[in-house]
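Below, each value reflects all heavy atoms present in this structure, side chains not excepted, and no hydrogens, waters or symmetry copies.
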Amino acid sequence: QVQVAESGGGLVPPGGSLRLSCTASGDSFNTYTMGWFRQAPGKEREFVAANRRSGDNTYYSDSVKGRFTMSRNNAENAVYLQMNSLKPEDTAVYYCASNRRLILSALGTASAYSNWGRGTQVTVSS
């Protein structure tokens, strides 16, 4: 199992940027699907981005496409989420998740991931 932990959240004004980090422990990191999800107060957990392994495509939700970039560094057992042009509606707790290689159709489904971090708060406000 790959255990994960997020960091890098904070308060940022609209239009600003933040970079979230997710570090993983465990073996065979490069074989794990890694995902980012978020949950705003009173809402369900929402898919943000996912990558099955280095060299594969990274998939994004329509709400963040073109603004967020997910990257992966297998040597560091880490994934990152660069968030640009942030909007107030991006405010949420952001979670990193992992699971052994998922099929493409499962990437956006929170219940498909078995390992979750505790989350990091991102607040976009002036």
Side-chain angles (χ1 to χ4, degrees):
Q1 296 288 342
V2 171
Q3 306 300 317
V4 297
E6 313 89 344
S7 62
L11 173 64
V12 62
S17 298
L18 273 179
R19 186 189 192 217
L20 304 183
S21 300
C22 172
T23 55
S25 61
D27 296 331
S28 304
F29 172 77
N30 62 339
T31 68
Y32 274 70
T33 294
M34 302 298 296
W36 287 99
F37 288 77
R38 66 186 183 186
Q39 189 165 18
K43 294 187 176 182
E44 294 187 355
R45 196 161 296 191
E46 174 190 23
F47 169 73
V48 175
N51 171 266
R52 294 201 294 173
R53 64 178 182 180
S54 291
D56 274 7
N57 290 334
T58 298
Y59 298 87
Y60 300 92
S61 68
D62 288 342
S63 61
V64 307
K65 198 174 296 182
R67 300 187 298 122
F68 291 11
T69 302
M70 178 179 179
S71 60
R72 181 176 188 139
N73 187 326
N74 288 336
E76 296 181 354
N77 274 21
V79 294
Y80 306 95
L81 186 68
Q82 177 66 45
M83 306 185 295
N84 298 329
S85 302
L86 282 160
K87 305 174 182 180
E89 51 264 43
D90 294 318
T91 296
V93 177
Y94 283 71
Y95 296 91
C96 179
S98 71
N99 199 81
R100 290 194 182 275
R101 188 173 174 86
L102 295 175
I103 59 176
L104 286 177
S105 61
L107 290 185
T109 304
S111 61
Y113 294 78
S114 56
N115 305 307
W116 290 83
R118 298 176 68 177
T120 185
Q121 176 70 46
V122 172
T123 303
V124 184
S125 175
S126 55

So how far is it from [X] [atom1] to [Y] [atom2], rounded to the nearest 0.5 Å?
X	Y	atom1	atom2	result
Arg38	Glu44	CZ	CD	14.0 Å
Asn57	Leu107	CG	CG	10.5 Å
Arg19	Thr69	CZ	OG1	11.0 Å
Asn115	Arg100	CG	CZ	9.5 Å
Asn77	Gln3	CG	CD	12.5 Å

Which side-chain N or O atoms in residues 7-14 pair as donor and acceptor under 3.5 Å with protein atoms at least two apart or in another chain?
none

Using the disulfide bond (SG atoms under 2.5 Å apart) rule, collect all pairs that involve residues 48-86, keeping only residues at least two apart or in two chains.
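The answer is none; no pair qualifies.
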Disulfide bond (SG atoms under 2.5 Å apart): which pairs involve residues 6-96, sequence neighbours left out?
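Only Cys22-Cys96 qualify under disulfide bond (SG atoms under 2.5 Å apart).
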Does any pair with a residue in residues 5-46 pass ring-ring contact (aromatic ring centres under 6.0 Å, His included), and if so which ones, sequence neighbours excluded?
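Those involving residues 5-46 are Phe37-Phe47, Phe37-Tyr113, Phe37-Trp116.
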Can you tell me which residue pairs pass the ring-ring contact (aromatic ring centres under 6.0 Å, His included) test with a partner in residues 72-112, sequence neighbours excluded?
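Not a single pair qualifies under ring-ring contact (aromatic ring centres under 6.0 Å, His included).
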Pairing residues for [X] by the salt bridge (charged side-chain N to carboxylate O under 4.0 Å, His left out) criterion, not counting sequence neighbours:
X	answer
Glu76	none
Arg67	Asp90
Arg52	Asp56

Side-chain heavy-atom pair Leu20, Val122 within 4.5 angstrom cut-off:
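They are in contact (side-chain heavy atoms under 4.5 Å apart), so the answer is yes.
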Is any side-chain heavy atom of Arg53 closer than 4.5 Å to a side-chain heavy atom of Thr31?
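Side chain of Arg53 against side chain of Thr31, heavy atoms only: no contact under 4.5 Å found.
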Determine whether Val79 and Leu18 fall in the same hydrophobic cluster, where Ile, Leu, Val, Met, Phe, Trp and Tyr are linked whenever their side-chain heavy atoms lie under 4.5 Å apart.
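Val79 and Leu18: one cluster.
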Closest non-hydrogen atom pair, Glu46 against Ser63:
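Minimum heavy-atom separation between Glu46 and Ser63: OE2-OG, 3.6 Å.
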Which heavy atom in Ser98 sits nearest to a heavy atom in Met34, and how many Å separate them?
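For Ser98 versus Met34, the nearest heavy atoms are CB-SD, 3.4 Å.
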Name of the residue among Val48, Leu104, Asn51 meeting side chain to side chain contact (heavy atoms under 4.5 Å, CB included) with Tyr59
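Among Val48, Leu104, Asn51, the one meeting side chain to side chain contact (heavy atoms under 4.5 Å, CB included) with Tyr59 is Leu104.
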Taking side-chain hydrogen bond (donor to acceptor under 3.5 Å, both in side chains) as the test, write out the residues that go with Ser54, two or more places apart.
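With neighbours one apart ignored, the set is Asn74.
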Can you list everything that forms a ring-ring contact (aromatic ring centres under 6.0 Å, His included) with Tyr60? Sequence neighbours excluded, please.
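Tyr60 satisfies ring-ring contact (aromatic ring centres under 6.0 Å, His included) with no residue once adjacent residues are dropped.
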Side chains of Asn99 and Thr33: donor-acceptor distance under 3.5 Å anywhere?
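The answer is no; no qualifying pair exists.
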Does the side chain of Thr123 pick up a donor-acceptor pair with the side chain of Ser125 at under 3.5 Å?
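Note: Thr123 and Ser125 side chains miss the donor-acceptor criterion.
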Exercise answer: donor-acceptor pairs, residues 82-89 side-chain atoms, under 3.5 Å, sequence neighbours excluded:
unit_1: Gln82; atom_1: NE2; unit_2: Asn84; atom_2: OD1; d: 2.9
unit_1: Asn84; atom_1: OD1; unit_2: Ser17; atom_2: OG; d: 2.9

Those residues that, when tested against Ala5, pass side-chain contact (heavy atoms from CB on, under 4.5 Å) (two or more places apart):
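Ala5 satisfies side-chain contact (heavy atoms from CB on, under 4.5 Å) with Thr23 only.
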Assess whether atom CZ of Arg101 is packed by more than 12 heavy atoms of other residues, nucleotides or ligands within 6.0 Å.
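Count over threshold, so yes.
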